[in-house]
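Everything below concerns the one structure shown next.
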Amino acid sequence: GRAGTARFLARYNTWGFVATRAAQGKIQGMPYGNCLLLSDGPVNNSTGIPFFYVTPKDNTVADLLKNPVASLTLPEADGNFCRKNVIDPEDPRCARLTLTGQMVTVPPEEVEFAKQAMFSRHPVVRKWPRSYEWFFMKMNIEHIWLQSWYGEVSAIAVEEYLKAVPSK
């Protein structure tokens with residue numbers, strides 16, 4: 001069902017588009033976004049919760065540290081369906097998942113899990129320069145929308161989403 005498709009997109013996307021409200025400069029208060037690497041858990045442990053390895057030097061992260069409200073869009077563009085069927089990633093048949101909520105720093109008791117989640121999916125991030133003060137964030141999901149066909153956008157309850165098994 002829809003919750004399984006949503007979990008599939010959270011599981012198999014390696015990046016997503018995070019939208020914030022700019023907190024600095026001439027665009028303060030305006031929408032602002034950036035693509036960030038993500039993982040919803042180690043390879044064999046999908047949670048549906050997106051984790052990020054970020055630096056405060058990134059404008060998006062600086063915005064989130066001042067106002068944690070964000071949306072995360074995960075396109076099916078990375079999946080096999082669109083590629084195999086030669087469908088443009090913007091075509092509504094290529095599903096899109098949008099999660100909204102609060103982006104928070106991962107608490108100390110979850111840092112080891114966040115490391116496993118990110119480093120198992122993105123091994124190269126271990127080699128990123130330490131001088132950038134990298135740390136882990138995650139999204140506390142409040143709302144979920146799935147677009148999976150022409151004009152069809154479905155709201156999915158957070159509890160239903162978290163219980164679902166990733167399936168496409």
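Computed from heavy atoms alone, side chains included, the values below leave out hydrogens, waters and symmetry copies. Model, not experiment: these values are computed from the prediction.
- Within the 4.5 Å cutoff, no side-chain heavy atoms of Val18 are placed close to those of Ser71.
- Counting only heavy atoms from C-beta outward, the side chains of Ile144 and Val158 approach each other to under 4.5 Å.
- In terms of the side chain to side chain donor-acceptor pair (under 3.5 Å) criterion, residue partners of Arg11 (sequence neighbours excluded) are, by chain and number, Asp40.
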Next on the checklist: Go through it in stages, so that I can follow the logic: the residues are Leu99 and Met139, the test is side-chain contact (heavy atoms from CB on, under 4.5 Å), and I'd like the CA-CA distance, side-chain angles, deciding distance and then a yes or no.
Outcome noted: CA-CA 9 Å; Leu99 307 173; Met139 177 177 269; 3.7 Å; yes
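- Here side-chain hydrogen bond (donor to acceptor under 3.5 Å, both in side chains) pairs that include residues 105-120, with residues two or more places apart or in two chains, are Glu110-Lys138.
- Proximity of a side-chain donor or acceptor of Glu142 to a complementary backbone N or O of Gly101 within less than 3.5 Å is not detected.
- Atom OG of Ser39 is separated from atom CD1 of Ile49 by 12.0 Å, given to the nearest 0.5 angstrom.
- Using a 4.5 Å cut-off on side-chain heavy atoms (C-beta onward), Phe17 and Cys35 make contact.
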Checklist entry - Going through the distances and angles, do Leu37 and Val54 end up as a side-chain contact (heavy atoms from CB on, under 4.5 Å)? => result CA-CA 9 Å; Leu37 296 179; Val54 296; over 6 Å; no
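- Sorted pairs that involve residues 12-23 and meet salt bridge (Lys or Arg N to Asp or Glu O under 4.0 Å), not counting sequence neighbours, are lacking altogether.
- His143 meets the ring pair (Phe, Tyr, Trp, His ring centres under 6.0 Å) test with Trp145; sequence neighbours excluded.
- No more than 12 heavy-atom neighbours from other residues, nucleotides or ligands sit within 6.0 angstrom of NZ on Lys163.
- Between Met103 and Ala70, the closest heavy-atom pair is CG-CB, 3.8 Å.
- The list of salt bridge (Lys or Arg N to Asp or Glu O under 4.0 Å) pairs with a residue in residues 22-33, not counting sequence neighbours, is empty.
- Between Leu146 and Arg96, every side-chain heavy-atom pair lies at or beyond the 4.5 Å cut-off.
- In plain terms, the two heavy atoms of Trp15 and Pro75 that are nearest each other are CH2-CG, 3.6 Å.
- Applying the salt bridge (Lys or Arg N to Asp or Glu O under 4.0 Å) test to Arg2 and every residue at least two apart in sequence or in another chain returns Glu152.
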Show me the donor-acceptor pairs within less than 3.5 Å that the side chains of residues 124-136 make with the rest of the protein, sequence neighbours left out.
residue	atom	partner	partner atom	Å
Trp134	NE1	Pro129	O	2.8

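- For the atom pair Glu76 CD and Phe8 CZ, the distance stands at 6.5 Å (nearest 0.5 Å).
- To the nearest 0.5 Å, atoms CG (Leu64) and CD (Gln102) are separated by 10.0 Å.
- Residues forming a side chain to side chain contact (heavy atoms under 4.5 Å, CB included) with Ala164 (at least two apart in sequence, or on another chain): Ala3, Arg7.
- Hydrophobic cluster membership for Ile27: Met30, Tyr32 (Ile, Leu, Val, Met, Phe, Trp, Tyr linked by side-chain heavy atoms under 4.5 Å, directly or transitively).
- The closest donor-acceptor contact from the side chain of Asn13 to the backbone of Leu9 lies under 3.5 Å.
- Under the side chain to side chain contact (heavy atoms under 4.5 Å, CB included) criterion, Asp58 pairs with Asn34, Leu36, Thr55, Thr60, Val61, sequence neighbours left out.
- When all heavy atoms of Leu97 and Ala6 are compared, the pair lying nearest together is CD2-O, 3.2 Å.
- Rounded to the nearest 0.5 Å, atoms CD1 (Ile156) and CD1 (Ile141) are 10.5 Å apart.
- Checked against Phe119 for a ring-ring contact (aromatic ring centres under 6.0 Å, His included), the options Phe51, Tyr53, Phe113 give a single hit: Tyr53.
- Residues satisfying the side chain to side chain contact (heavy atoms under 4.5 Å, CB included) test with Gln24, not counting sequence neighbours, are Asn59, Ala62, Asp63.
- Residues passing the side chain to side chain contact (heavy atoms under 4.5 Å, CB included) test with Leu38 are Phe52, Leu72, Leu74, sequence neighbours excluded.
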